[in-house]
Amino acid sequence: MKHDFKQIEKKWQDKWESEHIFEAQDNSSKPKFFGLVEFPYPSGSGMHVGHIKAYSGLEVVSRKKRMQGYNVLFPIGFDAFGLPTENSAIKFNTHPRILTDANIEKFTNQLKKVGFSFDWTRTIDTTEESYYRWTQHIFLELFKNGLAYRDTALVNYCPHCKVVLSNEDSQGGKCDICHNDIVQKSKDVWYLRITKYADRLLEGLESVDYLPQVKQQQVNWIGKSTGAFVNFRVGNTDETLRIYTTRPDTLFGVTFMVIAPEHPMLERCRDKITNFSELEAYREECAKKTEFQRTQLNKDKTGVRIDGICGINPLNNKEIPIYVADYVMMGYGTGAIMAVPAHDERDWEFAKKFGIDIIEVIKGGDISVEAYAGDGEMVNSDFLNGYNNKKDSIKRMIEYLEEKGIGEEGVQYKMKDWAFNRQRYWGEPIPIVHCEHCGMVPVPEEELPLRLPDVKNFEPGEGGESPLAKIPEFVNCKCPVCGKPAKRETDTMPQWAGSSWYFLRYVDPKNDKCLADPEKLKYWMPVDWYNGGMEHVTRHMIYSRFWHKFLYDMGEVNTEEPYAKRTAQGLILGPDGEKMSKSRGNVVDPNEVVEQYGADVLRTYILFMGDYGAAAPWNENSIKGCRRFLDRFCGLTELVKGEGVTPELEASFHKTVKKVNLDIDEMKFNTAIAAMMTLINEIYEHGSLTRDELLTFAGILCPFAPHAAEEVWEVMGGKGLCSVSEFPTWDEAKTEDKSIEIVVQLMGKLRGKIVVPADISKDDAIALAKEAVASQLEGHTVVKEIYVPGKLVNLVIK
RNA sequence: GCACCAGUGGCGGAAUUGGCAGACGCGCCAGACUUAGGAUCUGGUGUCUUCGACGUGGGGGUUCAAGUCCCUUCUGGUGCACCA
């Protein structure tokens, strides 16, 4: 039989669909498996081979689990709100709804052609009213619980996209969407109080099975540090300058203080400051720099001394100068620091440049050359003198500070509250009404969904104003509380909103009473295995964990963590070894591969390329190896003789079944495929196999190349569908060889090989080994004999 | 700058975690079948001065034994980046 993929693929895809074999059953008595892949953004350019790789991993796992008797939920959907669609709708003068529907249809067709075993009855689309109604519900819950608030703040603004971006979306000073420079702008925006959950997001990592690098990135992102807040009196004023430090033990080494240019104390002390105009000029200069520039120019420190006021060290009442410098950020800690140049690199540089004293308080370095951040004996530090480790001296200092009421232990996070809004059309409307009398009022739950008005013109406003603000029918409303005329919030939610809870909706996608039935959640949650890209580890994953924990607190979900396990696939690089991109022209279109080689070859090749978690370049030639493999697999039908097992191949089958089984669980798909290739080579060498053996082969291959497996299964008269047949199992005893080859080494060098019974004793093995290398032992004495059972004998000679 | 990961034939990559380096695939070489071969089949294929020696980025070390462990150094990738 030939691998005639054009004939068989559609046939089996239709069959799977009509037999409903991939549909998950609610409340089944079988063990459940919830496998989740990151749902795609349905862009106009269609699917990318990267999508196929991202889904193929759990596709294989899910198919195997299903064959092993699990009730599998392996869903797919579309994360369809967002700027690219909106921008292209503006460009082509159409509506994002039309584009979204067309793109979803395109993606659906492409995914089906690859033969993924998704449950297509549970598909979701975040832009559907029946979906975003619940996204709005969650927002209202957050609002009612004080976790959604408005605040004026310096925000990252993209002049090109005309939107405010979160810190996460503007990393490196570039807009995540259009890659243009972002600027700082003062604006009244929505925030979600994710910082309130910082500790729990951190602690929760201990109970989940994420890849170590995934955990590490989340830990870094949350950026927890412990230290102390210390209050410094400001000389010549009534002010207190509060600082945060992780090294309160170095307090006797403070020789100056620094505040951020935006620090409010400057205005408050305006009268006392004698060089205010100079400071103002510096502040304006800093405001011109983007945050990116400010952090990039970290070599050369700038700053201005504040004249007329000074700081007072609370420990010894010494007067110290205060500077304004932009190496201190208003957004972290208190926006003010105590500077200890002897033991902090940044403070050291600043002190050198401005000629400030450097006082050593920890022995161990040479502070005339560089700052010393290591551990050592405390000196010049009054009651701390003689302490010789950081931990104890910090502890003692905090005790002292708290005793004297000049400071206290404190915790800081790098993570900031989540800027939660976009001033664009294609997003979930924020369901809030602004009433002159009642303030911000939530839209009543029964009025949800608050629909996006259907309008022709949805171009963004000039000043970063939402297009919804230009629609009077949308804006003008009655206050739900007092009934007087009021105005609607016109911002929409950011892209990350819909994806922050989508996995919950798969559990119960059509529910119109709640986001998902609690009984069904209890059965399906948590997600057993979530696979996706490393790029979503700090944003999507942290946001969704935050929402999930909140919903847990509200009693709407039953698990505190949404994902029990998280893995990540590596990128597929272009044939040139570079990241695939349209501009480089090295993008591989999965459709063309399906057309030319078939879905099974595409799937097999993508998993055979290399380590699933590592990046690997696409190689057109290597695909042929996988095609040959599947051709040869189909060709096995010609070699079938009889039923039962072939004694010569029996052990190979058991070994391969075992390896494929174990490798799939560890995502070692490349070696699983290699093992099947080895088996097929052995079968061809042997010249024949039995019908049962071929059915077994079809079974282990099925998760990778399901169409070919089904076809062979049918031709060989297998019962029912291969995709729902029992996944082959192995007999451990039959994987063990009766005779084994043992390596004989002299001084660790390979000198011979012997074939011995598997259960040979140590003495016998060594005796045989000596015999095998007898000629080389002549004239030497064996001083040491090493025997590794089943592996080798190593003789050390003199 | 800091942290983490990686570096193995002409190429993609294996190596049961300290025990035969190079599985499997591509490519290449030779042969078979062919009007033809970018199809298929068979055999070969780490390097060299080939009954031997060398060989997992470089240098050093531990060990009977090192791709694997330790130290050092170079290169590449990813993340964080003046976080007090």
Side-chain angles (χ1 to χ4, degrees), chain A residues 171-172 212-214 216-217 219-221 223-225 227-228 243-248 250 257-258 260 292 294-301 325-329 331-340 343-347 349-350 412-416 534-535 537-538 570-571 573 577 579 604-605 608-611 613-626 628-629 631-632 635 659 662 668 670-681 684 741-753 782-797:
Chain A
Q171 291 181 62
Q213 52 291 25
V214 171
Q216 194 56 51
Q217 270 194 42
V219 168
N220 290 345
W221 192 259
K224 182 177 182 170
S225 83
I243 61 97
Y244 174 73
T245 177
T246 54
R247 295 299 303 269
T250 60
M257 300 182 81
V258 186
F292 178 65
R294 243 170 98 164
T295 53
Q296 281 303 295
L297 300 169
N298 59 10
K299 291 281 169 277
D300 198 23
K301 299 241 173 330
D326 67 356
Y327 80 90
V328 171
M329 308 289 155
Y332 184 81
T334 61
I337 62 160
M338 63 178 217
V340 185
H343 306 291
D344 181 283
E345 197 190 326
R346 295 150 299 171
D347 297 345
E349 269 177 48
F350 194 85
Q412 279 294 304
Y413 302 93
K414 283 191 214 175
M415 186 169 71
K416 294 174 192 164
M534 282 305 290
E535 69 276 20
V537 159
T538 47
L571 287 178
L573 305 172
K579 195 171 168 177
T604 308
Y605 172 62
F608 183 62
M609 288 172 86
D611 183 342
W618 187 266
N619 184 327
E620 183 70 32
N621 271 328
S622 293
I623 302 172
K624 292 178 191 162
C626 292
R628 231 166 259 163
F629 167 58
D631 286 347
R632 278 156 71 82
K659 179 144 185 71
L662 300 179
K668 291 164 76 174
N670 53 338
T671 50
I673 294 166
M676 290 188 279
M677 287 173 167
T678 308
L679 178 62
I680 217 165
N681 291 344
Y684 272 93
E741 194 181 64
I742 284 186
V743 169
V744 183
Q745 295 181 335
L746 286 183
M747 309 293 288
K749 298 231 185 257
L750 179 65
R751 282 297 177 268
K753 291 177 184 180
V782 176
V783 295
K784 198 171 178 185
E785 297 160 344
I786 292 127
Y787 174 59
V788 183
K791 294 261 162 53
L792 62 75
V793 171
N794 187 17
L795 303 172
V796 184
I797 54 176

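From a predicted model like this one, the values you see are computed outputs, not experimental measurements.
- As the counterpart of B:rU40, B:rA32 is assigned, both hydrogen-bonding distances of the Watson-Crick or G-U wobble pattern falling under 3.5 Å.
- Put simply, NZ on A:Lys659 is 9 Å from C1' on B:rA23, counting in whole angstrom units.
- Atom OH of A:Tyr332 is separated from atom P of B:rC80 by 16 Å (rounded to the nearest Å).
- Phosphate contact (OP1/OP2 of B:rA84, side-chain N/O of A:Arg247, threshold under 4.0 Å): absent.
- Comparing A:Leu750 and A:Glu345, the nucleotide of RNA chain B nearest to each residue sits closer to the 5' end for A:Glu345.
- Across the protein-nucleic acid pair, A:Phe350 atom CZ and B:rC82 atom C1' stand 12 Å apart, rounded to whole Å.
- For A:Leu792, the listed nucleotide lying nearest its side chain is B:rG19; candidates were B:rA15, B:rA84, B:rG19.
- In this structure, A:Phe350 and A:Tyr327 have tilted ring planes: the angle between them lies in the 30° to 60° band.
- Counting only heavy atoms from C-beta on, A:Phe608 has its side chain closest to B:rG25 among B:rA14, B:rG25, B:rC20.
- Across A:Met747 and A:Asn794, no two heavy atoms sit closer than the pair N-OD1, 3.4 Å.
- Of the candidates B:rA84, B:rA14, B:rC82, B:rC82 carries the atom nearest the A:Tyr327 side chain, counting heavy atoms from C-beta on.
- Nearest to the side chain of A:Asn670, among B:rG79, B:rC64, B:rA14, sits B:rA14.
- Considering only the side chain of A:Asn794, B:rC64 comes nearest among B:rC26, B:rC20, B:rC64.
- At the heavy-atom level, A:Glu785 lies nowhere under 4.0 Å from the strands shown.
- Of the candidates B:rC24, B:rA14, B:rC80, B:rA14 carries the atom nearest the A:Asp611 side chain, counting heavy atoms from C-beta on.
- With B:rA39, B:rG12, B:rC82 as the candidates, the nucleotide lying closest to the side chain of A:Ala616 is B:rG12.
- For A:Thr678, the side-chain atoms get nearest to B:rC24 when compared with the rest of B:rC20, B:rC24, B:rG13.
- In this structure, the CE atom of A:Met609 is 17 Å from the P atom of B:rG25, given to the nearest Å.
- No donor-acceptor contact under 3.5 Å links the side chain of A:Lys414 to the base of B:rC80.
- Spacing between atom CE of A:Met676 and atom P of B:rG25 amounts to 13 Å, rounded to whole angstrom units.
- The A:Asp326 side chain lies nearest to B:rC82 when the options are B:rC26, B:rC82, B:rA84.
- For the pair A:Met534 CE and B:rC4 C1', the interatomic distance rounds to 10 Å; values are reported in whole Å.
- Among all heavy-atom pairs drawn from A:Cys626 and A:Phe608, the shortest one is SG-CD2, 3.9 Å.
- Residue-to-nucleotide contacts include no donor-acceptor pair under 3.5 Å from the side chain of A:Lys784 to the base of B:rC64.
- Remark on RNA chain B: of its neighbouring residues A:Ser622 and A:Arg751, the 5'-side contact belongs to A:Ser622, judged by nearest-heavy-atom nucleotide.
- Of the candidate nucleotides B:rA15, B:rC64, B:rC41, B:rA15 has the atom nearest to the side chain of A:Lys668.
- The nucleotide B:rC82 finds no pairing partner, because no Watson-Crick or G-U wobble arrangement with both distances shorter than 3.5 Å includes it.
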